[in-house]
Amino acid sequence: MSQRVYNNGRGLTVRVDIDTCTACQLCYDRLPQIFVDRGDGIPLVMAKVPPERVYEDLLQIAEDCPSSSIILNWTG
Ligand code: SF4
């Protein structure tokens with residue numbers, strides 16, 4: 001079984017723009033190991049340097065975020 005490779009040897013960092021986040025809950029409903037509701041609907045990023053196994057989910061969630069508030073950056 002093949003596995004898609006996204007990182008090409010690089011790492012991924014995650015942050016959320018809390019000024020544009022609409023607190024829709026999508027990110028922490030779908031990936032609670034990375035995002036947690038800080039109590040008012042805005043997510044905290046629990047793993048700013050996430051493990052590779054969640055890259056595929058992260059890329060999809062960042063795409064699905066209705067306000068494009070999840071900011072992913074490749075490092076290295
Ligand atoms: S998916 Fe986007 S808009 Fe929704 S809570 Fe997460 S960061 Fe905010």
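Because the structure is predicted, anything quoted here is derived from the model rather than measured. Every number for a ligand or one of its atoms is a count from 1 in the order of the listing.
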* Asked: Does a side-chain N-to-carboxylate-O contact under 4.0 Å join Arg38 and Asp40?
  -> yes

* For Gln25, counting its heavy atoms only, list the atoms of ligand 1 lying under 4.0 Å from any of them. => 4 (Fe), 5 (S)

* With atom 2 (Fe) of ligand 1 as the centre, enumerate protein N/O/S atoms below 2.8 Å in chain and residue order. => Cys65 SG

* Asked: Got a donor-acceptor contact below 3.5 angstrom from the Tyr28 side chain to the Gly41 backbone?
  -> yes

* Please lay out, stage by stage, how Met46 and Ile34 fare under the test side-chain contact (heavy atoms from CB on, under 4.5 Å). => CA-CA 5 Å; Met46 302 307 290; Ile34 303 298; 5.9 Å; no

* Do Ile18 and Leu58 sit in the same hydrophobic cluster, where Ile, Leu, Val, Met, Phe, Trp and Tyr count as joined when their side-chain heavy atoms come under 4.5 Å apart? -> yes

* Do Ser69 and Thr20 have side-chain N/O donor and acceptor atoms under 3.5 Å apart? -> yes

* Is it true that Trp74 and Val45 fall in one hydrophobic cluster, defined by side-chain heavy atoms closer than 4.5 Å? -> yes

